[in-house]
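Residue numbers start from 1 in every chain, and the chains themselves are labelled A, B, ... in the order their sequence lines are given, proteins ahead of strands.
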Amino acid sequence: MSAQRLISNRTSQQSASNSDYTWEYEYYEIGPVSFEGLKAHKYSIVIGFWVGLAVFVIFMFFVLTLLTKTGAPHQDNAESSEKRFRMNSFVSDFGRPLEPDKVFSRQGNEESRSLFHCYINEVERLDRAKACHQTTALDSDVQLQEAIRSSGQPEEELNRLMKFDIPNFVNTDQNSFGEDDLLISEPPIVLETKPLPQISHKDLD
Amino acid sequence: MKHIINSYENINNTARNNSDCPRVVLPEEIFFTISIVGVLENLIVLLAVFKNKNLQAPMYFFICSLAISDMLGSLYKILENILIILRNMGYLKPRGSFETTADDIIDSLFVLSLLGSIFSLSVIAADRYITIFHALRYHSIVTMRRTVVVLAVIWTFCTGTGIAMVIFSHHVPTVITFTSLFPLMLVFILCLYVHMFLLARSHTRKISTLPRANMKGAITLTILLGVFIFCWAPFVLHVLLMTFCPSNPYCACYMSLFQVNGMLIMCNAVIDPFIYAFRSPELRDAFKKMIFCSRYW
């Protein structure tokens, strides 16, 4: 490695033991390293480094799992059913296949955007949740689509939701949604720019 | 390159006391195999993205950038192996001008691949972060034009830095810059992913009480960061030790494992497609389509 040239430069100048010294390639002619009088094991850096690395990664994993087990301090059980409905609609809309050229031909595209908008608002501002809830409750198309798309059994729906980790990932088929986990590499919904301002305005009103 | 000199001068080397911390030598066939597998995998990822119109999204372009840098890293190893074989067969002079130039070019290829990997991983994490936290504005923030510009800037910077690092490799600040990029990027990626993970956790908490989904998320995060740390940290430490304590016996014992550390970087190029590219169902489908279509040709 060329970074070793530094060593060869310095040590060769110090030792001056090589008559055919060229400044580039005297790599491992560093000079004899004395292994006498070692207090610790000679591979102590190697062992210490790998053990430290393993401990760090395991510690990171345990911190992450502990984060999963500790509860969120502001969990509201009263609104859980409401949020579940919204999450249902949101999730079922996200279960649609991603077809950029058919984005507008899809029915309920506006509903998906409004739901998405509602979802984000729910995360950030809980006081807007009621307005969004009314909007989504009035959209019978959404409920119809959800009913059509869901398997029809609440348990499977709940199972699907339980596996839902991160929003904003659109899957090509319904079945793969449950298998997706955190940080799956899926592009977000293709939101066309043309009607988006109009829809946003409609939602904001 | 070091390996060229090693294979030549080990025969004549009697000054070193070989009973203490002998250099761990891996057969070149292992390097060759891993490198070829790495090149093929990343080539498949690139082909799958460029052949499919529906995969021409910014996110996949960042994954392609990572695949390119992994491919360059594997190519570097293949070229080096070829040079070693030519050297052992006597076609190349030990210190000829062609060999030094070829070695410089190969070294800069390696540094380019390293830096490209680092920046690609950072950009992928940033893209995912924007996807989650600025979801509604994602398509106005991350446009195709901006993606291309960002990738062009990154690769130009990496190329320039690679060439500069090879030219100025005998200066300590170069080494410090090089090795500090790794922890900086690690901290950056860690912060982004942990923040994303916290958001995902809070959402699953609202809709269910089962920790299984969060456990999966924790495992995925650990794999992503763990692979990166395990594959890059040994080499970075090697460069640091080589700069600051070359004649220390402990450091020398660590540096005797250089080939193992290099192999870990090659393994990173092999593992990266599986944890980034092939996690996407769309890309898997495109890949399957490619395989099955090629069967009918």
B/Leu221 and A/Met60, any side-chain heavy atoms less than 4.5 Å apart: no
Parallel, tilted or perpendicular, as decided by the 30° and 60° cut-offs, for the rings of B/Phe230 and A/Trp50: parallel
Non-hydrogen side-chain atoms of B/Leu241 and A/Ile45 separated by less than 4.5 Å: yes
Best-contacting candidate, B/Ser140, B/Gly226, B/Ala233, B/Pro58, against chain A by heavy atom pairs under 4.5 angstrom: B/Ala233
Residues A/Leu53, B/Ile229; criterion side chain to side chain contact (heavy atoms under 4.5 Å, CB included); working and verdict: CA-CA 8 Å; A/Leu53 214 59; B/Ile229 292 174; 3.5 Å; yes
Among the listed options B/Cys251, B/Pro234, B/Gly262, B/Ser256, the residue most often paired with chain A at heavy-atom distances under 4.5 Å: B/Pro234
Side chain / backbone / both / neither for A/Phe61 at chain B, heavy atoms under 4.5 Å: both
Proximal component of B/Ile124, with respect to chain A [non-hydrogen, under 4.5 Å]: neither
Atom group of B/Leu190 that falls short of 4.5 Å from chain A, counting heavy atoms: side chain
Heavy-atom side-chain contact between B/Leu225 and A/Val57 under 4.5 Å: no
